[in-house]
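The chains referred to below are lettered A, B, ... by the order of the sequence lines, with proteins before strands, and numbering in each begins at 1. Bear in mind that the values here come from a model prediction, so they are computed numbers and not experimental data.
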Amino acid sequence: LPAKFDWRDKAVVAPVQNQEACGSCWAFSVVGAMQSTHAIGGSQLEQLSVQQVLDCSYKNEGCSGGSTLRALSWLKQTRVKVVPRSEYPYKAKTGICHFFSQSHDGVAVKNFIAHDFSGREEAMMGQLVERGPLAAIVDAVSWQDYLGGIIQHHCSSQWSNHAVLVVGYNTMGDVPYWIVQNSWGTTWGDEGYVYIKIGGNICGIADSVAAVLL
Amino acid sequence: SFREQFHRRYEVNSEEFTRRHLYFQNATERHAYLNSLSAGPQSAKYGINRFSDLSQKEFRDLYLRASADRAPLFSGLKTEG
């Protein structure tokens, strides 16, 4: 594995988004992974509709919350094509599901791989490099006050409550860390990113990690 | 200055101002605690941001809405599917 790896360097990570006052992190995380995997496959990086997943993934509860694995399971089962964001823009509110024909442009999930990498974060680094950005769930209670730097304390595992996108890692310095894109806008954290120490399953970053196959 | 920076509209001395002020004070106490374990230039820093006038419950209720479905333990490179 390379000592550091960042999918942003390959221009396959979309800009940081802002979920606003809507519990849609699970949809941002899944759609972020889809967008990047699609671009890694050779397509142009295109932002896809988070609102479509929010409205239509009936196994979840829209702005009231949801799970990345349930959203991926729904996307895989239904083979729904997620349309470009411009055609189904984000409203930060749960709405009525809009249907598109299968001939409509969009990206469908063929499969996904989900694992608990606790105690195996090096293997998780391998998955990130091999598969693309990873949808992960974390305990983000202490993130209310986060300004920047590498989180090494005050973060539990196995009490996950937030979904994010892991886009890279860096093991070059004294403290190896994951590079994580959040969906709280660019005014939060380091331009919308948070760094989490690798090893010890800090914030439960390795508890439930999914890669998308398109 | 917090209200100005983060475009808060509640009036000084209103009921909401009093409540938000209390949450803000609680946040600064949290920051002191969270920063107390920070050592080294790379350590995480905690401080005032746009969530500082939310109670911890409000923050959880608004932003921490993901539920966790357990995934199988990773046991090697041939376990996909």
Worksheet item: Counting heavy-atom pairs under 4.5 Å to chain A, which of B:Gly47, B:Ala68, B:Ser52 comes out on top?
Response: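 Max contact count across the listed options: B:Gly47.
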[X] versus chain B, heavy atoms under 4.5 Å apart: side chain, backbone, both or neither?
X	value
A:Ser64	both
A:Thr187	side chain
A:Trp159	neither
A:His154	side chain
A:Ile137	side chain
A:Gln19	side chain
A:Asp190	neither

Worksheet entry | With A:Cys25 via disulfide bond (SG atoms under 2.5 Å apart) - residues at least two apart |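 For A:Cys25, no residue satisfies disulfide bond (SG atoms under 2.5 Å apart) once neighbours in sequence are set aside.
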Residues, nucleotides or ligands: over 12 heavy atoms within 6.0 Å of [X] [atom1]:
X	atom1	answer
A:Lys93	NZ	no
B:Glu58	CD	yes
B:Lys45	NZ	yes

Practice prompt. Could you please state which residues from residues 20-36 of chain B sit under 4.5 angstrom from chain A, measuring non-hydrogen atom to non-hydrogen atom, sorted by number, or 'none'?
Written response: B:Ala27, B:Arg30, B:His31, B:Tyr33, B:Leu34
Check whether any side-chain heavy atom of [X] sits under 4.5 Å from a side-chain heavy atom of [Y], and report yes or no.
X	Y	result
A:Ser73	B:Asp69	no
B:Pro72	A:His115	yes
A:Val141	B:Leu64	yes

Worksheet entry | Chi angles and distances behind the side-chain contact (heavy atoms from CB on, under 4.5 Å) call for B:Ser43, A:Gln152 | CA-CA 7 Å; B:Ser43 293; A:Gln152 302 167 56; 3.7 Å; yes
Worksheet item: Between the side chain of A:Glu61 and the main-chain N/O of B:Arg65, is any donor-acceptor distance below 3.5 Å?
Response: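 No; zero donor-acceptor contacts below 3.5 Å.
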Worksheet item: Under the 3.5 angstrom rule, does the side chain of A:Asp116 hit a backbone N or O of B:Phe74 as a donor-acceptor pair?
Response: no
Worksheet item: Roughly how far, to the nearest 0.5 Å, is the CD1 atom of A:Ile151 from the CD atom of B:Gln42?
Response: 13.5 Å
Hey, which of [options] has the most heavy atom pairs under 4.5 Å with chain B?
options	answer
A:Phe117, A:Trp26, A:Trp184	A:Trp184
A:Gly66, A:Gly189, A:Ala211	A:Gly66
A:Gly126, A:Gly23, A:Gly149, A:Gly65	A:Gly149

Item to complete: Would you check if there is a donor-acceptor pair between the side chains of B:Ser67 and A:Arg70 at a distance under 3.5 Å?
Response: yes
Fill in: chain A contact via B:Ile48 - side chain, backbone, both or neither, heavy atoms under 4.5 Å
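When you check distances to chain A, only backbone atoms of B:Ile48 fall under 4.5 Å.
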Response to the item:
Okay, B:Arg50 and chain A: the region with an atom under 4.5 Å from a heavy atom over there is side chain
Worksheet item: Hey, would you say the B:Phe6 and A:Trp188 ring centroids sit under 6.0 Å apart?
Response: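 Judged by ring-centre distance (under 6.0 Å), B:Phe6 and A:Trp188 do not meet the cut-off.
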Worksheet entry | Closest contact, heavy atoms only, A:Ala163 versus B:Ala66 |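 Nearest pair, atom of A:Ala163 first, then B:Ala66: N-CB, 3.8 Å.
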Practice prompt. Looking only at non-hydrogen atoms, find the nearest pair between A:His162 and B:Tyr63 and report the distance.
Written response: ND1-O, 3.5 Å
Worksheet item: What do the steps show when you test A:Trp143 against B:Phe51 for ring-ring contact (aromatic ring centres under 6.0 Å, His included), and what is the final call?
Response: CA-CA 9 Å; A:Trp143 296 16; B:Phe51 299 134; over 10 Å; no
